[in-house]
Peer 1: 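Before I ask anything, here is the structure I am working with.
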There are 2 protein chains.
Amino acid sequence: MKRAKKQERQDRILAELRLSAAIRIPELAESFRVSTETIRRDLEEMAEDGLILRTYGGAVVSQLGVEPGWMERDNLMVAERERIGALAAQFVRPREIVMIDAGSTTLHLARRLAVADREVTVVTNCYAVAMALGTNPRIAIHVCPGRHDPQEGGVTGTETVEFINRFHVDRAFIGASGLTLEGAHEANAAAAAVKRAMLRRAETPMLLLDHGKFDRKSFEVVCPLKDLRHLVCDRVPNGDLGTALARAKVQVHLASAVTL
Amino acid sequence: MKRAKKQERQDRILAELRLSAAIRIPELAESFRVSTETIRRDLEEMAEDGLILRTYGGAVVSQLGVEPGWMERDNLMVAERERIGALAAQFVRPREIVMIDAGSTTLHLARRLAVADREVTVVTNCYAVAMALGTNPRIAIHVCPGRHDPQEGGVTGTETVEFINRFHVDRAFIGASGLTLEGAHEANAAAAAVKRAMLRRAETPMLLLDHGKFDRKSFEVVCPLKDLRHLVCDRVPNGDLGTALARAKVQVHLASAVTL
DNA sequence: AGAATAATGTTGCCACTGCAACATAAATGT
DNA sequence: ACATTTATGTTGCAGTGGCAACATTATTCT
């Protein structure tokens, strides 16, 4: 019953971090009156859950406003997603107008796009994407209205969909929580509706996905395979999924390690 | 003429950081083929300019998305703003609909409101406010559309103003960068327009301000004193400003230390 | 209560960081 | 071209963090 000490300490570490962004181990150790080793072990755990980001001698908040929904067990695929985002960014030509969905992979895309420094216009429903792009003044960023969705770190709902429907864009980048023969899957129904809207309004729809999502189902089917004209991923989809994608004429773009 | 090396290196360090959030000195040293000491000196400079945040052995980006606008001289008044936010939250009755502006003081209000656990509906143009409120599922949060504004950590522009104009709410909480006899001042013109719109659409407009902003001018006057029917602050406005507020029939609410 | 398990503390060793002092190289101004 | 300033590299040392092994204390389960 008294097993609350560790959890509470970790919660308070998180709170501390939100206030000061970066913190060092001895400080924490002193303020909780525990040994530095205990703190080290705490940080290790929290880093594994994606709650924080370890640094040498301390930790930093692992992305403002990006709630655990994203991070679930994402920490293993960061390199893959990074590559996928980098490759996807290469498709965006100067003066294009694109939509970017909420998600960890699409966030990587946004970061790359900001560095690439092309003059583009972006419509997004995700705060983190907007903030990442915001570092580059040459990118015009329109954020959708809607109901705040903590899971997504952005907005969803009818207001969002209606807003998206007012546009017609060159390209849409969306993520998903799974990809099967039926199509793209998504756990959050409100988010699925936004993805669908973005796909519908784009000349060239593109799905960004790491291979861990292959053959994984989820609550809702966003769209059939044939609506995804392009797929950017890090491995060739194998077996049935691969043939189904070919039959649906989905172009597969591979972000292999060398593409970096 | 060749004095570009250092600047360019620092720019690229910043770009690297935006991609990976946290980075260590030896990595940077190797990728630029310079000594670790050079990198160390670079980071020191950049930290002084507030571009990055130093950690032991490396650096992290200095607050994702929240640009210097907020941080400027904020670190001194945190306690005051915290109290102001707490007092302001008490005005919100159950089932009210309120608007909350972007700003560090209004963010404190949002945090308090989330803890207070009343059933309310909020319209805001600020990501951080939305995320703070998002921890409480009983609060319905509508986020405005608009152009992403890195200074504000939210949206501004005509889309934002038009969206706000569709509503009519019980209360609006806004911040400002200064308060003088002429009224409330604001440095960011686009943000000022949003504040004006919120004030116009609210039954009860309220300005949240710490005493450091008294008698401080800024680029644009948001509105005359008489439009601010309520002022929540931490000290009694002195001299001319005090009498002018009285003449304009602005009700002043004091968040003194005991109110906590 | 007693055994099993989990959490925390302690210690020692090694690798890494920070810093200062000094050396060297590059860029700049006159 | 020369002196001056600025940027960078080098070295040594003191402080700090990481890690692993082991000891100790709480907590949980039966």
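Side-chain atoms are counted along with the backbone in the values below, which use heavy atoms only and exclude waters and symmetry mates. Below, read A as the first sequence line, B as the second, and so on, with proteins coming before strands; counting in each chain starts at 1.
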Peer 1: Let me know the distance between CG of A:L43 and P of C:dT8, rounded to the nearest Å.
Peer 2: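 Taking CG of A:L43 and P of C:dT8, I get 12 Å after rounding.
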Peer 1: Calculate the interatomic distance between A:L28 atom CG and C:dG9 atom P; express it in whole Å.
Peer 2: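 Going from A:L28 (CG) to C:dG9 (P), I get 13 Å.
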Peer 1: Quick one: list whatever passes salt bridge (charged side-chain N to carboxylate O under 4.0 Å, His left out) with A:E119, sequence neighbours left out.
Peer 2: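 Testing A:E119 for salt bridge (charged side-chain N to carboxylate O under 4.0 Å, His left out), a comparison that skips the adjacent residues, returns A:R138.
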Peer 1: Tell me: CD of B:E44 to P of D:dA7, nearest whole Å?
Peer 2: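 My rounded result for the distance is 13 Å.
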Peer 1: Where do N or O atoms of nucleotides 8-10 of chain D meet protein N or O atoms at under 3.5 Å, pair by pair?
Peer 2:
from: D:dT8; atom 1: OP1; to: B:R9; atom 2: NH1; distance (Å): 2.9
from: D:dT8; atom 1: OP1; to: B:R9; atom 2: NH2; distance (Å): 3.1
from: D:dT8; atom 1: OP2; to: B:R9; atom 2: NH2; distance (Å): 3.0
from: D:dG9; atom 1: OP2; to: B:S35; atom 2: N; distance (Å): 3.0
from: D:dG9; atom 1: OP2; to: B:S35; atom 2: OG; distance (Å): 3.2
from: D:dG9; atom 1: OP2; to: B:T38; atom 2: OG1; distance (Å): 2.3
from: D:dG9; atom 1: N7; to: B:R41; atom 2: NH2; distance (Å): 2.7

Peer 1: Check side-chain contact (heavy atoms from CB on, under 4.5 Å) between A:F32 and all other residues, then give those that pass, not counting sequence neighbours.
Peer 2: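 So A:F32 forms a side-chain contact (heavy atoms from CB on, under 4.5 Å) with A:R9, A:R12, A:I13, A:L28, A:V34, A:I39.
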Peer 1: Under the rule for side-chain contact (heavy atoms from CB on, under 4.5 Å), what residues qualify as partners of A:R41, not counting sequence neighbours?
Peer 2: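 Residues passing side-chain contact (heavy atoms from CB on, under 4.5 Å) with A:R41: A:E37.
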Peer 1: Can you measure A:I25 atom CD1 to C:dT17 atom P for me and round it to whole angstrom units?
Peer 2: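 So the two atoms are 14 Å apart, to the nearest Å.
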Peer 1: Round to a whole Å and report the spacing from CD of B:E27 to P of C:dC16.
Peer 2: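 Answer to the nearest Å: 13 Å.
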Peer 1: What is the distance, to the nearest angstrom, from the OH atom on A:Y56 to the P atom on D:dG15?
Peer 2: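 Taking OH of A:Y56 and P of D:dG15, I get 16 Å after rounding.
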Peer 1: C:dA6 P sits how many Å from A:E45 CD, rounded?
Peer 2: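 Roughly 12 Å, once rounded to whole Å.
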Peer 1: Which residue pairs satisfy the salt bridge (charged side-chain N to carboxylate O under 4.0 Å, His left out) criterion with at least one member in residues 96-110 of chain A, sequence neighbours excluded?
Peer 2: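 Sorted pair list: A:E96-A:R171, A:D101-A:K195.
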Peer 1: Of all the choices, C:dC16, D:dG17, C:dC19, which nucleotide is nearest to the side chain of B:R24 once you look at every atom?
Peer 2: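 The answer is C:dC16, which lies nearest to the side chain.
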Peer 1: Does the ring center of A:Y127 lie less than 6.0 Å from the ring center of A:H148?
Peer 2: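 Close enough - the centres of the two rings lie under 6.0 Å apart.
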Peer 1: Could you tell me which residues satisfy side-chain hydrogen bond (donor to acceptor under 3.5 Å, both in side chains) with A:N136, sequence neighbours excluded, listed by chain and number?
Peer 2: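 With sequence neighbours excluded, A:N136 shows a side-chain hydrogen bond (donor to acceptor under 3.5 Å, both in side chains) to A:D117, given in chain and number order.
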